[in-house]
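These numbers come from a predicted model, not from an experiment. Letters A, B, ... are given to chains in the order of the sequence lines, protein chains preceding strands, and every chain is numbered from 1.
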Number of protein chains: 2
Amino acid sequence: MPAQLTEATTAPGCRVLGLRERKKQRTRDSLVDAAHRLFSSQGYARTTVDEIAAAVDVSQRTFFRYFENKEEVALAVMADAEDFFIDCLRRRPAEENPLQAMRASITEAWRSLGGMEQVGPGSVTAALELFELIETTPTLLAAHLRRTTEQERVVAGILAEREGLDPATDLRPRVLAAVFGAVVRISHLSWTSDAAAHEAGPDGMIALIERHFDQLGPALAGSWQR
Amino acid sequence: MPAQLTEATTAPGCRVLGLRERKKQRTRDSLVDAAHRLFSSQGYARTTVDEIAAAVDVSQRTFFRYFENKEEVALAVMADAEDFFIDCLRRRPAEENPLQAMRASITEAWRSLGGMEQVGPGSVTAALELFELIETTPTLLAAHLRRTTEQERVVAGILAEREGLDPATDLRPRVLAAVFGAVVRISHLSWTSDAAAHEAGPDGMIALIERHFDQLGPALAGSWQR
DNA sequence: TTGCCGAATGTCAGTGACTGTCATAATCTC
DNA sequence: GAGATTATGACAGTCACTGACATTCGGCAA
């Protein structure tokens with residue numbers, strides 16, 4: 001039955017995966033979902049991997065085939081968002097200068113992710129909950145910071161390529177990527193304690209990042225006036 | 001015999017601690033020392049806490065009374081160095097502007113720490129080894145990044161106080177502290193792969209940090225020229 | 001010196017994250 | 001539908017870390 005086979009592998013949009021792949025995607029999503037529910041109800045530390053696995057009815061061993069460790073399942077949606085940002089950056093027109101491209105990319109990323117779904121794991125309220133979970137859980141914060149610095153390395157590579165520079169020689173890509181990462185991070189931090197910014201949805205976050213960016217010049221300036 | 005008591009508690013320089021305190025300090029130092037030796041010979045992951053404890057002839061339980069976790073013993077000397085930097089910053093004259101004070105503080109910190117001992121846990125070669133250990137060990141890198149961001153919060157507080165600002169309102173202290181942290185971090189990273197910089201000792205590190213700082217302006221500038 | 005108090009340490013048992021291994025069961029391919 | 005792949009489960013084991021309790025050691029006063 002070649003017809004069925006073709007249907008399974010090359011159907012609508014050439015994107016329909018086989019049953020195996022779909023099933024895997026489903027369990028993975030379920031695990032992320034169950035984990036978030038448990039974390040937010042009992043806290044991260046008081047939730048065991050066994051519980052998460054049991055909630056999805058798979059063995060603990062299977063959990064660890066999907067995620068390297070307990071932190072990864074908590075940070076999965078954040079990781080996806082960061083990958084999305086990277087994709088945006090790769091697609092920015094070459095005319096933009098590095099800083100413009102980066103600012104445009106986060107804006108773009110927050111707009112599309114925020115607009116995707118009003119509820120569920122991609123929603124703004126879910127993001128807020130996740131940020132708070134991360135900030136209040138030392139081990140999660142540590143894992144998250146490691147992830148983001150890894151992304152900074154990738155970003156620096158993209159910037160260097162855009163400008164046709166050798167990242168080993170020229171320090172600017174690394175420096176800019178690191179500064180950008182720092183600004184985004186403290187913006188996230190401010191966002192968690194800024195009720196007005198949540199209300200505004202993704203635009204609130206974007207505005208906050210812009211405000212922090214605008215303080216870069218003044219902060220680096222010689223002396224501060226009150 | 002009050003004489004002996006006084007001698008034990010208020011002898012030369014009024015700094016001699018009791019036997020109990022001295023013993024604690026000694027075991028702690030020994031643990032850090034043994035840990036570093038084991039980590040550098042067998043690697044971090046392949047060294048168990050039991051081994052470290054056994055090398056100093058204490059129980060595993062005692063190890064965990066000195067250090068919250070395995071990462072902490074590896075990062076202990078780095079943590080001390082950071083605390084020293086904080087102290088330097090606190091002591092900087094009020095006339096200096098924030099950026100000047102920070103740059104002066106790392107320079108000061110590296111000079112005195114580097115000049116302290118030519119060999120041993122405080123030496124430049126030991127620092128290099130430690131940096132490499134951290135960068136090649138994901139869990140150590142994560143813990144280290146968490147520590148440094150915590151220090152950034154402290155630094156931001158000091159800066160705000162120096163300038164008489166409310167850190168909740170004014171974004172500049174946080175932004176500057178974060179940018180500073182980012183610059184220092186990538187400088188450390190460059191240092192590990194820059195043989196010439198090791199030779200120069202602390203001054204090599206200081207020069208690297210200065211170079212990265214000098215790229216801040218250009219990196220943030222509109223467009224980059226090759 | 002003696003004896004008491006509190007702090008430091010050791011012992012032991014337990015939990016939970018994570019890994020290797022092998023058997024089994026589910027998909028995929030032909 | 002047979003056979004090759006691949007996902008999963010079951011099980012045992014290691015290791016980081018913790019609570020509880022007994023013991024020992026240093027600090028101090030009678």
Side-chain angles (χ1 to χ4, degrees), chain A residues 1-11 16-31 35 38-39 42-75 137-140 142-143, chain B residues 1-11 16-31 35 38-39 42-75 137-140 142-143:
Chain A
M1 285 136 188
Q4 288 187 355
L5 284 174
T6 350
E7 182 183 308
T9 50
T10 64
V16 173
L17 304 156
L19 170 59
R20 186 176 273 168
E21 286 303 314
R22 272 180 291 142
K23 214 169 172 181
K24 268 174 68 177
Q25 193 56 52
R26 197 149 23 94
T27 27
R28 194 192 145 92
D29 291 347
S30 303
L31 282 168
L38 287 164
F39 290 159
Q42 321 174 345
Y44 179 80
R46 277 184 303 279
T47 302
T48 70
V49 172
D50 283 320
E51 281 178 294
I52 302 169
V56 183
D57 208 58
V58 295
S59 69
Q60 191 215 45
R61 195 65 184 87
T62 295
F63 174 94
F64 283 112
R65 288 199 179 97
Y66 281 91
F67 305 97
E68 272 198 15
N69 45 50
K70 193 175 155 190
E71 288 102 41
E72 203 180 307
V73 71
L75 301 176
T137 314
T139 160
L140 269 187
Chain B
M1 282 133 187
Q4 289 187 355
L5 286 174
T6 350
E7 182 183 308
T9 48
T10 64
V16 173
L17 304 156
L19 171 59
R20 187 176 273 170
E21 287 302 315
R22 271 180 291 143
K23 213 169 174 182
K24 268 174 67 177
Q25 194 55 52
R26 196 149 23 92
T27 13
R28 195 192 145 90
D29 291 347
S30 304
L31 282 169
L38 288 165
F39 291 159
Q42 322 174 344
Y44 180 81
R46 277 183 303 278
T47 303
T48 69
V49 171
D50 283 318
E51 281 178 294
I52 302 170
V56 183
D57 208 58
V58 296
S59 69
Q60 192 214 45
R61 196 66 183 86
T62 295
F63 174 94
F64 283 112
R65 287 200 180 97
Y66 281 91
F67 304 98
E68 273 198 15
N69 45 49
K70 192 176 155 188
E71 287 103 41
E72 203 180 309
V73 72
L75 301 176
T137 313
T139 160
L140 269 186

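- A/Phe64 has its CZ atom 15 Å from the C1' atom of D/dC11, to the nearest Å.
- Atom CG of B/Leu31 is separated from atom C1' of C/dT9 by 13 Å (rounded to the nearest Å).
- The CD atom of B/Glu51 sits 11 Å away from the C1' atom of D/dC15 (whole-angstrom rounding).
- Taken to the nearest 0.5 Å, the CD atom of A/Glu21 stands 4.5 Å off from the NZ atom of A/Lys24.
- Atom-to-atom, CG of A/Leu38 to P of C/dA17 comes out at 12 Å; the value is rounded to the nearest Å.
- Here the closest heavy-atom approach between residue B/Tyr66 and residue B/Arg28 is recorded as O-NH1, 3.8 Å.
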Listing time: all N or O pairs from protein to nucleotides 10-13 of chain C that are below 3.5 Å?
residue : atom : partner : partner atom : Å
C/dG10  : OP2  : B/Ser59 : N            : 2.8
C/dG10  : OP2  : B/Ser59 : OG           : 2.9
C/dG10  : OP2  : B/Thr62 : OG1          : 2.3
C/dG10  : N7   : B/Arg65 : NH1          : 3.3
C/dG10  : O6   : B/Arg65 : NH2          : 2.7

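- Taking atom CZ on B/Arg28 and atom P on C/dT9, their separation rounds to 12 Å, with Å as the unit.
- Taking only side-chain nitrogens and oxygens, B/Tyr66 comes nearer than 4.0 Å to OP1 or OP2 of C/dT9.
- In this structure, A/Lys70 forms no cation-pi arrangement with A/Phe39, as its terminal cationic atom is not both closer than 6.0 Å to the ring centre and no more than 45° off the ring axis.
- As rounded to whole Å, 12 Å separates atom C1' of C/dA17 from atom CZ of A/Phe39.
- Within 6.0 Å of CD on A/Glu68 lie no more than 12 heavy atoms contributed by other residues, nucleotides or ligands.
- Scanning for side-chain hydrogen bond (donor to acceptor under 3.5 Å, both in side chains) contacts around B/Asp29 gives B/Gln25, with sequence neighbours left out.
- The CG atom of A/Asn69 lies 8.0 Å from the OG1 atom of A/Thr139; values are rounded to the nearest 0.5 Å.
- Using a 4.5 Å heavy-atom threshold, the side chains of B/Phe64 and B/Val49 count as touching.
- Between B/Arg22 atom CZ and D/dC25 atom C1' there is a gap of 14 Å when expressed in whole angstrom units.
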Enumerate all atom pairs, one protein N or O and one N or O from nucleotides 4-7 of chain C, separated by less than 3.5 Å.
residue : atom : partner : partner atom : Å
C/dG6   : N2   : B/Arg20 : NH2          : 2.5
C/dA7   : O4'  : B/Arg20 : NH1          : 3.3

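- Counting any heavy atom pair closer than 4.0 Å across all strands shown, B/Thr47 reaches sugar-phosphate atoms only and no base atom.
- The minimum heavy-atom distance linking A/Leu31 with A/Val73 is given by the pair O-CG2, 4.0 Å.
- Between the C1' atom of C/dC18 and the NZ atom of B/Lys70 lies a distance of 13 Å, rounded to the nearest Å.
- Listed pair B/Lys23 / D/dC25 fails the phosphate criterion, with no side-chain N or O lying under 4.0 Å from OP1 or OP2.
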